[in-house]
Each structure stands twice: as C-alpha cells, then as structure tokens.
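Here the structure comes first, spelled out in structure tokens, and everything after it is commentary.
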Protein chains: 2
Amino acid sequence: MSEKRKQIIEAAAKSFSLFGYKATTMDQVAKMANVGKGTIYTFFKSKEELLEEIVSSIISEIKREADVAIDQRLSFNENVQRALQRIFTFRKEHELTIKLLQEVRDIGTPAVRDVMKRLDREMIAYVREKIEEAMTKGEIRSCDAELTAFLMFKMYIALNVDWEKEHEPLSQQKIAELFHLYLLKGLSR
Amino acid sequence: MSEKRKQIIEAAAKSFSLFGYKATTMDQVAKMANVGKGTIYTFFKSKEELLEEIVSSIISEIKREADVAIDQRLSFNENVQRALQRIFTFRKEHELTIKLLQEVRDIGTPAVRDVMKRLDREMIAYVREKIEEAMTKGEIRSCDAELTAFLMFKMYIALNVDWEKEHEPLSQQKIAELFHLYLLKGLSR
DNA sequence: ATTTTGACTAAATGAACATTTTGGTCATTT
DNA sequence: AAATGACCAAAATGTTCATTTAGTCAAAAT
C-alpha cells in the first residue's frame, strides 16, 4: 500500500481519537500527514469514506483479537464468553472507539452513528458465525443463530455499559458468571 | 381531589400525547382545561412537576395492569413473563408513552428523558419485588434480585424494541418462548 | 506522464443581534 | 379564599453575516 495512504490513515485515526470526527478538519489531517489536502482525495472520496476505512480496520483488529482469545480445546460456552469479553474490553479501552461512542452520545454526528452501528452489526455477525460453527459441530443444540448472537451481544452491553450507569461496575469475573448463569445454561445440552 | 386539578391533568396529558411535552405551552393547557393559567400553579409548581405527576399515574396504571396479569395459581416463570408482557404492551400501545419516547429519541428534551428513565427504574423495581417474593417463597433459587430484574428488563427491551430496528418484529408468542429458553431455564430449580 | 499540491468555491457553521414565545408571578377580580 | 390573566424576565427562535470547511482543479513538482 502507498506510503502516503498509510500516513493519511494514521493521521486521521490519531486526530479522530484526539478531537473526534466532527472537530477534525481535512486541513488538519493533511498537515498531520505531511501531505497536501488534495492528496487525501486521491485515496478517499470523502471525509466519511476515510472514517469508514479506519473503522473497517478496527473491526478487523477486534475480530483478530477475539480469534486469539478462542482456544479450540475449550468448550463453546467458554469460547463465546472469551470472545465477547475481548470485544468489550477493546471497546472500553481503545481510544478511538471511546471517542467515537462519546461523540454519538453527545452530539450524535450521523456519519459516526452509522459507522458505530455497523461495528455492532459486524460484532453480532462474528458471534453468529461462532454459534453456527458450534451448531454444525453439534456442540450446542439447534437455535436461531442470528437471534442468539443478538441476545448475547445485547446482554453483554447491558452488563458492561448499561449497568454502570446506575450501579457499581461489575468485574469481568462477575460478568462471566452472570452470562453463564443466565444465558448459557438454557443453551447447553 | 379538586375538580380543577383533574381537568388540568387531563388537559395536559392530552396535549402532551398530542403535541409532545416541549411543544405544549402552559397557556395551551390552561385553555384546554378551561382554567386560568395561574390556577395551574396553585396545584403544580412547574410544567415539569405536572409532567412528573402524569407519569407517576402512568406508572401506577402499568403496575396495576401487570398485577392483573399475574395469576397466583401459575408458576413464577409464567407470571414474570406475563407481567413483563403487559408492561411492554402498554409501552407500545399507550399514546402518551409512545409520544414521550419519540420526543426523547428525536429531540432529547431533558425533563422527558429523566421522567422516562424513572419509569424504567420503577418497572425494574416492580420486577425486582416479584423476584424477591418468589425467592422468599422458595419458588426460585437465590440470586441478586436487582441484577436479575435489570437483565430481564433489558432482555425484554432487546426483544420488543431493539430487534425490530433491523429485523421483522417478533410475535409475543415467540418473545415468550425466547425469554423462557434463554433467561428462565437457568433460574428455575 | 503521473502524482502532488494548495489556492479556490460553494456550502455549512456559528457568532451576534433582534424578535417572539413562554414559564412563572402576583395584583386584582370574583 | 380561590381563580384569573396581564405582566415580566428569561428562554427560544429567527435573521444576518463573517468565518470555516469539505471538496475541486489548474498548475507545479516529480
């Protein structure tokens, strides 16, 4: 890949995570990347496409990390748990995702809202794949994979994000226990 | 209770559900209630308190309806299910809650946001009571009642509200099945 | 020839100001 | 004693205008 393209992505990612999407200007990005503004537009057709590209690579990165957390020797329950934990730890600790989620909450920039929705959709699709694999292997009983992935994801959001709004945060240990107790018991055979 | 007070509440409830909280003026309410504007302030110290009063009575109404849905001869699982179903059916069909939830989504009026949050909290508290009762009676095994009520409520929101944003709505029948399959299996003894 | 650039433009933004609306009060009426 | 609506301060809304910014393109650099 072109060296300039890399510089642009790096500069934009840095600026987005520092100031947010809306507050980042293309002049800013050009300056940080040591590139003329026009050059950006030879690689990306708009500011929005630049954001999409960056979020796409975040999605890949999260999937890669979740994959690493999975250990074929462990059960499906263990693994789906570990994968979700990685996904949400990333979300909680990654500068850029933090900033972008803040921006959606505080000013609701439409482009950012859309792109974070896609991130959620892709995470659900990832979990869905794992569920389908486990079903094929007969590790879990048959179920609607999309619906199950959706519920697992929503439950993790509830435990990791929503609960903290009005209570003491739950430890990852506790979340794992609850997830197991409430969601997995019904699924395992 | 004073006749005028009743007229005011009725007029305000009607106007809120017709035009929303923000778009309703106190002059409007006074006119609809056939009352001088000053009279409103002998019963309510602000527009916000008027809203709070109305939402409080909605909360009572929902609890009453949920109570009616509960049948002591049925199991805890059946009953918590039926109660939650009533709560969400109300939420979906009651003009005023629909309008207020729209207003929070579309313009985020702070007073309305706060009051709808309270409604959610009170519904969780209601479910929590039912869980504590069942625990006392030994109908279900011991658990953190607040956390369990919270998860049940979040799961119902996921199934009733969030799922429909990107998929075909689920029937109440299907929701009941899923709730049973995923959440209750792990709780029953 | 191809890539890179930054001055340029049309549109968006927001600061500053004028105008209107509205929540809440209170002297007066009933 | 209860009810009212004219009144007021403050907030919301509309308007204007200068500034900013996403995106373009003719020219410069390679």
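For the numbers below, each heavy atom of this structure counts, side chains included, while hydrogens, waters and symmetry mates do not. In what follows, every chain begins at residue 1, and chains take the letters A, B, ... in the order their sequences are listed.
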In whole angstroms, the gap separating C1' of D:dT20 from NZ of A:K22 amounts to 12 Å
From the options C:dT22, C:dG24, D:dA22, select the nucleotide whose nearest atom is closest to the side chain of B:T25. C:dT22
Salt bridge (Lys or Arg N to Asp or Glu O under 4.0 Å) between A:E103 and A:R113, intermediate numbers included: CA-CA 9 Å; A:E103 187 167 343; A:R113 207 176 41 77; over 6 Å; no
Nearest whole angstrom, please: distance from the C1' of C:dG24 to the NZ of B:K47. 12 Å
Could you tell me the separation between the OH atom of A:Y41 and the P atom of D:dT21, rounded to a whole number of Å? 12 Å
How many whole angstroms separate atom CD of A:E49 from atom C1' of D:dA22? 14 Å
How close or far is atom C1' of D:dA11 from atom OH of B:Y21, stated in whole angstroms? 13 Å
Which pair of non-hydrogen atoms, one from B:A33 and one from B:I8, has the smallest distance, and what is that distance? CB-CA, 3.9 Å
Side-chain ion pair, A:K92 and A:E164, N-O less than 4.0 Å: yes
Grab the CZ-C1' distance between B:F44 and C:dT22 for me, whole Å please. 19 Å
Describe, in one word, how the ring planes of A:F16 and A:Y21 are oriented to each other, choosing from parallel (under 30°), tilted (30 to 60°) and perpendicular (over 60°). tilted
How many Å lie between CG on A:L51 and C1' on D:dA22, as a whole number? 15 Å
Specify whether B:Y156 and B:F179 have parallel, tilted or perpendicular ring planes, treating 30° as the upper limit for parallel and 60° as the lower limit for perpendicular. perpendicular
Any idea how A:F88 and A:F153 line up, ring-wise: parallel (<30°), tilted (30 to 60°), or perpendicular (>60°)? tilted
Rounded off to whole Å, could you give me the CE-to-P distance for the B:M26 and D:dA10 pair? 19 Å
In the 5'-to-3' direction, what one-character label does each nucleotide of nucleotides 2-9 of chain D receive under the scheme B = base within less than 4.0 Å of a protein heavy atom, S = sugar-phosphate only, - = no such atom? -SBB----
